[in-house]
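Scroll down for the structure; my scribbles are underneath it.
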2 protein chains.
Amino acid sequence: MTAGQSAPSIWMRPERSAVGRPAQRSRAEITCAAVGIADREGLDTVSMRRVAAELGTGAASLYRYVETRDELLDLMIDAVGGEHQLPGPSGDWLADLVAIGEQSRTILRRHPWLPGLVIARPVIGPNGIALLEHVLAVLERHPADVATKLEAFAMLNGVTAAFVQYELGGGAALQERNVAYLQHAVSSGEHPRLAELLSQGPPAPAEGGHPAGDGVCADGGVPADPVGRYAHLITRVLSGLLGPAPGAA
Amino acid sequence: MTAGQSAPSIWMRPERSAVGRPAQRSRAEITCAAVGIADREGLDTVSMRRVAAELGTGAASLYRYVETRDELLDLMIDAVGGEHQLPGPSGDWLADLVAIGEQSRTILRRHPWLPGLVIARPVIGPNGIALLEHVLAVLERHPADVATKLEAFAMLNGVTAAFVQYELGGGAALQERNVAYLQHAVSSGEHPRLAELLSQGPPAPAEGGHPAGDGVCADGGVPADPVGRYAHLITRVLSGLLGPAPGAA
DNA sequence: GCGTATTGCGATCGCTGTACCCAAACTAGT
DNA sequence: ACTAGTTTGGGTACAGCGATCGCAATACGC
């Protein structure tokens with residue numbers, strides 16, 4: 001009767017019916033295959049036919065589980081969101097949120113197709129809700145209003161995605177082209193300040209490990225390793241949005 | 001001889017040759033048409049045929065100007081980057097960078113397809129170089145090393161894109177679905193802290209204007225209007241990466 | 001005017017997302 | 001045990017996509 005006619009969300013439809021011929025596959029199985037293909041061969045090789053072939057079935061069958069390809073992408077996004085581990089609040093909300101961000105960074109680096117996708121398509125599913133609920137729980141006693149907390153959640157995800165995409169340089173091929181063009185632009189004249197940039201560390205921004213100390217350093221210094229840099233950045237973002245840390249200065 | 005065989009970058013190829021039949025169109029003209037379509041009808045209606053039709057020509061003709069569709073997307077990204085106005089450094093690098101960020105936010109909101117695209121495809125062209133050069137000029141006397149300045153540049157773009165995408169909610173349709181699912185999830189049980197979120201301000205995060213004061217407020221307070229919130233956020237990010245403001249405490 | 005270099009673009013190929021249709025496989029009711 | 005109803009499996013088909021090819025048209029240097 002009062003139905004909003006636009007297909008609401010895949011997670012509001014029941015996965016399988018009680019009657020009729022039972023399904024041979026599941027959303028999770030299809031999602032897992034799609035994520036595997038994206039990890040291995042890139043996001044735009046994830047076609048319905050390719051995923052179906054991976055599962056040994058026909059492309060049309062997938063449409064019993066998913067209405068469109070975009071819905072499959074939604075499932076993929078939420079599925080990797082489930083890779084988070086969410087321990088109980090420690091009492092230090094800043095530390096808890098930074099820990100979540102560091103997990104997110106690891107997850108995003110594991111699935112290089114994710115940063116671009118999650119920004120273009122900020123969809124929320126069961127795992128996204130669990131994450132949001134966890135963040136709200138961490139911030140339960142924080143005096144900020146809900147809108148601010150929601151914004152902090154969005155920025156925790158968004159800033160992390162942006163940072164990882166910067167770390168990865170948008171993929172090796174693209175980064176190579178960018179560097180080549182930068183050199184070209186510098187050599188043919190006009191940009192004096194770019195020269196010093198290219199004479200130093202442009203080719204590979206960073207790698208993944210944690211070679212040095214594991215995080216936030218004394219206020220004022222900027223860490224050298226990527227993990228420390230990320231922690232430093234996300235700490236500033238979060239304390240900027242939510243005020244300074246609870247106990248710390 | 002020493003050629004890296006992968007097609008280097010569209011901006012390293014000359015746009016037109018001196019000899020032979022002269023071209024009837026230009027990269028700029030095609031780019032402009034494509035941006036117009038994307039603004040009006042969304043990014044994924046930007047097909048080669050559609051753009052060609054807009055220009056009254058055939059799809060194959062466009063491949064004289066652009067090698068692939070992705071290259072057209074690169075042109076679009078860089079073209080809107082040219083909408084920035086870059087005044088000379090004022091001496092206060094933080095204020096200058098925040099001003100750039102606010103321009104970026106306006107531009108990104110004008111082209112809602114951009115945030116997702118620029119994160120997924122962080123390509124740099126002439127306008128991107130001009131912007132980078134400008135940022136480096138603003139930071140000329142800043143003591144940080146080049147890698148840190150480059151990171152600040154990347155985060156200025158990345159964080160702004162993430163913020164705008166959060167403001168826009170990923171498009172009306174997607175936001176509607178998300179809200180519907182959140183309500184569904186809350187009503188069917190488990191997530192206590194989500195309830196208070198939905199009882200308050202979830203449907204539209206923000207609108208664009210600048211109803212109240214125009215920016216950074218006294219330290220400690222968090223502004224209410226979106227413009228102030230953005231300024232607050234980007235200020236925290238930049239001073240987090242580059243140390244505190246030059247004159248200010 | 002003639003060779004040479006470039007562009008314009010219709011025709012075409014392989015691939016994509018997805019609608020349609022019917023056979024197969026299951027449950028519920030009798 | 002049979003029928004009626006409901007759902008899934010998946011082959012086929014279609015419109016549209018990005019991209020290639022080949023040829024006619026159009027310019028310049030000589």
Side-chain angles (χ1 to χ4, degrees), chain A residues 5-7 10 13-31 33-34 37-38 41-77 113 117 120-121 173-174, chain B residues 6-7 10 12-31 33-34 37-38 41-77 113 117 120-121 123 173:
Chain A
Q5 67 277 27
S6 64
I10 185 172
R13 295 195 308 269
E15 171 153 8
R16 19 170 55 92
S17 168
V19 308
R21 176 176 174 175
Q24 293 177 10
R25 273 160 280 269
S26 66
R27 284 179 187 171
E29 194 178 348
I30 293 168
T31 306
I37 295 171
E41 308 170 36
L43 183 61
D44 41 29
T45 74
V46 177
S47 68
M48 300 303 272
R49 283 170 232 261
R50 180 81 181 73
V51 174
E54 191 92 355
L55 294 165
T57 181
S61 301
L62 299 186
Y63 287 93
R64 298 289 171 189
Y65 300 85
V66 135
E67 275 190 349
T68 66
R69 190 187 105 111
D70 280 356
E71 248 181 21
L72 176 57
L73 297 182
D74 291 347
L75 288 179
M76 292 168 69
I77 292 170
W113 45 271
L117 187 60
R121 205 152 218 290
L174 210 161
Chain B
S6 64
I10 185 173
M12 296 178 70
R13 293 196 309 269
E15 170 154 10
R16 21 170 53 92
S17 169
V19 307
R21 176 177 175 174
Q24 292 177 9
R25 273 160 280 268
S26 66
R27 284 180 187 169
E29 194 178 346
I30 292 169
T31 306
I37 296 171
E41 308 170 37
L43 184 60
D44 40 30
T45 75
V46 178
S47 67
M48 300 304 272
R49 284 170 232 261
R50 179 82 181 75
V51 174
E54 190 92 353
L55 295 166
T57 182
S61 302
L62 299 186
Y63 287 95
R64 297 289 176 188
Y65 301 84
V66 135
E67 273 189 350
T68 66
R69 190 187 107 111
D70 281 355
E71 249 182 19
L72 176 58
L73 297 183
D74 291 346
L75 288 179
M76 293 169 67
I77 292 171
W113 46 270
L117 188 58
R121 208 152 216 289
V123 77

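In what follows, every chain begins at residue 1, and chains take the letters A, B, ... in the order their sequences are listed.
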Walk along nucleotides 17-30 of chain D from 5' to 3' and tag each nucleotide B, S or - by protein heavy-atom contact under 4.0 Å, base first, then sugar-phosphate. BBBB-B--BBB---

Report the distance from atom CZ of B/R13 to atom C1' of C/dT7, rounded to the nearest whole Å. 15 Å

Should A/T57 and A/Q24 count as side-chain neighbours, where that means a heavy-atom distance under 4.5 Å? no

Please list all pairs passing the salt bridge (charged side-chain N to carboxylate O under 4.0 Å, His left out) test where one or both residues lie in residues 45-59 of chain A, with sequence neighbours left out. A/R40-A/E54, A/E41-A/R50, A/R50-A/E54

Taking 4.0 Å as the cut-off, does a side-chain nitrogen or oxygen of B/Y65 come that near to OP1 or OP2 on C/dT7? no

N or O in side chain of A/R16 less than 4.0 angstrom from D/dT6 OP1/OP2: no

Identify, with sequence neighbours excluded, every residue that meets side-chain contact (heavy atoms from CB on, under 4.5 Å) alongside A/Y65. A/A23, A/R25, A/I30

Got a sec, which residues hit side-chain contact (heavy atoms from CB on, under 4.5 Å) with B/A120, two or more places apart in sequence or on another chain? none

Please determine if a side-chain N or O atom of B/S61 lies less than 4.0 Å away from the OP1 or OP2 oxygen of C/dC9. yes

Mind calculating the distance between CG (B/L55) and P (C/dT7) to the nearest angstrom? 16 Å

For A/T31, which residues count as a side-chain hydrogen bond (donor to acceptor under 3.5 Å, both in side chains) partner, sequence neighbours excluded? none

Can you list the residues that meet the side-chain contact (heavy atoms from CB on, under 4.5 Å) rule with A/R64, with sequence neighbours excluded? none

Short side-chain N/O contact to C/dT6 OP1/OP2 from B/S17, under 4.0 Å: yes

